Amino acid sequence: MSSFSPVVALPTQFTANTTENQRPQPDKLALLIDKSKTIKHLRQIHASLIRHGLESHPVLNFKIQRSYSSLGHVEDSVTLFNRTQSPNVFFYTALIHGHAINGLHEQALLFYVRMLIENVEPNAFTLSSILKACTLEVGKALHCHAHKFGFESDTYVRTALVDVYARGGYIVLARRLFDTMLERNLVSLTTMITGYAKNGNIDEARILFDGMEKRDVVSWNVIIDGYAQHGRPNEALILFRQMLKTRVKPDEATMLAVLSACGQVGALESGQWIHSYLRYSVNSINTQVGTALIDMYSKCGSLENARMVFDGIEDKDVVVYNAMIGGYAIHGLTQDALKLFEEMSWLGVRPTDVTFIAVLSACAHGGLVSEGWALFNAMKDEYGIRPKVEHYGCIVNLLGRAGQLEEAYELVKSRAIDADPVLWGTLLGACTLHKNVSLGEKIVEFLVGRGLANSGTYVLLSNIYAATGNWDGVARMRAMMKQSGVQKEPGCSSVEVNNEVHEFLAGDMKHPKRKEIYEMLEKMNGWLDDHGYISQTEAVLHNIGEVDKKRTLEVHSERLALAFGLISTKPGTTIKIVKNLRVCTDCHAVIKLISRITRRKIVMRDRNRFHHCVDGLCSCGDYW
DNA sequence: TTAGGGTTAG
């Protein structure tokens, strides 16, 4: 008790009506408890409560305990609980809720069980609190409890049940529970939308969202994030613009979702807009938002800004480092990535598996085979991190790019039990790069023999055949692909002009400025001819004549994006292009040359990495 | 009491 007694720093607003002799009114104390925002204030009130012999007051005790929980001090809450004789349902519920919101799911469940053992009957509050903290299996059992105790139709309980089933992937069941609710409200709708969005069923989510009468910041966040996390970042950005026209004010969660979308589409201007919005709307940028900004700037090609945000974050955790190292990696700045990794280790920040993905991919882009192996081994031996398939992917990629195909093949084969199609794809991609037909065929044979071949296998082998001019082989693979119903993902490039992202497919005629774009393409061809450029027609993976091949290359999506960038920005402006697939060798050469001819910096992000083209040279050193 | 949130190979 002595630790509580001196009320030294009790602020005046709390002491005004409280002298040593005067007992404070319980209802006033109750109000103070509910209003206290910091643990310090709460402890002071608690002290005063004990000093005045009110420590057994049921309502005050309950409120104190609840406040401890919500301020993240669950242990104090438990202490208080343990000192309470025969706690009632409210007490138990507050405790369960406190554990649940602080992520202590198992303990929450244990208190629930204890409550049942003590014959304290749960109420609707209890059930909805505990449902939030449970897995699908436990949720099913709790569903029975809800039924038994008669709360199955309670709005809160029902909403929590919808959440549990949706989280567990039982989306149809969740929908049925949702449809049979006595009343739908903003939260239950948002819960259902979240369920669809997390499951990747974003179109269903959108239908419900569009039908909402009222939307708050959370419902907007859920739908925007749903698009952002499921490969539809453009739609996320469109919705965000719609949100700005409403009265609903975006919050940090909105910013995180939108920054992710900006990064994916390479929308630097939109990302910068968010950054300034943040600077003006919040006092300081927290670690999470900072990380998202670093990621956005890196993916939008602006490493300087990424670094600036990085330097401005005071308490850098490992995730912040991971984002920055990953940024250096995709830009091919291998040494900077490794240096930062060293710096972070030196500062005592322990790397995670994600950190190693970042540094290993940095090594792959720089062709640093021995450094990569050393890091891979250090990860296992020094840091005790078990390599995942992603790490093997990095190593296979590193070896494959460097031409050590057999070694890479052995490594993948040694892991054939949990063979990952991506790993095989990486390896086959390396075979294409080095035109190693025999190993490619050997791999495909191996995969077919073990029943591991999939549609992608044929695509890759067909690419190897095409790269070596084996058109019979290509035709065979195309036929097999047709049979298995696969299609190659179409190449798509985008460029951001005036805060708007313009997308192009190969040979695209849909853009309103198509006339000007194609005129520019012609002009570009003229420049290339003047510089004696010869098309690298072997980059065309179809068996057609040379002239047709050249024509095919000329309308590749990245060229259309480049042409549009050239006609819609001032001379000297950097052009930033984002492509969904890897850039082809011919386009790479053309873009380099155009950077010299137009004296513009051209930055292109392809599926793998960034290419900064300046004065005819590319930052990747033609190694990609 | 009910909803959302940072980094991840090719």
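Not measured: the values here are computed from a predicted model. Residue numbers begin at 1 in each chain, while the letters A, B, ... track the order of the sequences.
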Quick one: does [X] reach the base of [N] with a side-chain donor-acceptor pair under 3.5 Å?
X: A/D317; N: B/dG6; result: yes
X: A/S129; N: B/dT1; result: no
X: A/D251; N: B/dG4; result: yes

Nearest-nucleotide pick for [X], side chain only, options being [options]:
X: A/Y156; options: B/dG6, B/dA3, B/dT1; answer: B/dT1
X: A/K132; options: B/dG6, B/dT2, B/dA9; answer: B/dT2
X: A/V218; options: B/dA9, B/dT7, B/dA3; answer: B/dA3
X: A/N322; options: B/dT7, B/dG5, B/dA3; answer: B/dT7
X: A/D216; options: B/dA9, B/dA3, B/dG5; answer: B/dA3
X: A/C394; options: B/dG5, B/dA3, B/dA9; answer: B/dA9

Starting at [atom1] of [X] and ending at [atom2] of [N], how long is that distance when rounded to a whole Å?
X: A/R609; N: B/dT8; atom1: CZ; atom2: C1'; value: 18 Å
X: A/D225; N: B/dG6; atom1: CG; atom2: P; value: 7 Å
X: A/D295; N: B/dT7; atom1: CG; atom2: P; value: 5 Å
X: A/F209; N: B/dA3; atom1: CZ; atom2: C1'; value: 13 Å
X: A/H230; N: B/dG5; atom1: NE2; atom2: P; value: 11 Å
X: A/H391; N: B/dT8; atom1: NE2; atom2: P; value: 13 Å
X: A/D163; N: B/dA3; atom1: CG; atom2: P; value: 6 Å
X: A/I96; N: B/dT2; atom1: CD1; atom2: C1'; value: 16 Å

Verify the stacking flag for A/F125 against B/dT1: centroid separation must be under 5.5 angstrom and the ring planes must differ by under 30 degrees.
->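 Stacked: centres under 5.5 Å apart, planes under 30°.
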Does [N] have OP1 or OP2 sitting under 4.0 Å from an N or O in the side chain of [X]?
X: A/K299; N: B/dT8; answer: yes
X: A/K388; N: B/dT8; answer: no
X: A/H97; N: B/dT2; answer: yes

Residue of the set A/I96, A/L95, A/N88 for which side-chain contact (heavy atoms from CB on, under 4.5 Å) holds with A/M115 =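 For A/M115, the side-chain contact (heavy atoms from CB on, under 4.5 Å) test succeeds with only one of A/I96, A/L95, A/N88, which is A/I96.
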Would you find more than 12 non-hydrogen atoms of other residues, nucleotides or ligands less than 6.0 Å from A/F376 atom CZ?
->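 Yes, CZ of A/F376 has more than 12 neighbouring heavy atoms, counting only those of other groups under 6.0 Å.
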For a quick check of understanding: with a heavy-atom distance under 4.0 Å over all strands, which category does [X] fall into, base, sugar-phosphate or nothing?
X: A/T287; answer: base
X: A/N185; answer: nothing
X: A/D353; answer: nothing
X: A/V320; answer: base
X: A/T194; answer: sugar-phosphate

Any side-chain heavy atom of [X] sitting closer than 4.5 Å to one from [Y]?
X: A/R158; Y: A/F178; answer: no
X: A/R609; Y: A/H331; answer: no
X: A/F111; Y: A/F81; answer: yes
X: A/F209; Y: A/L239; answer: yes

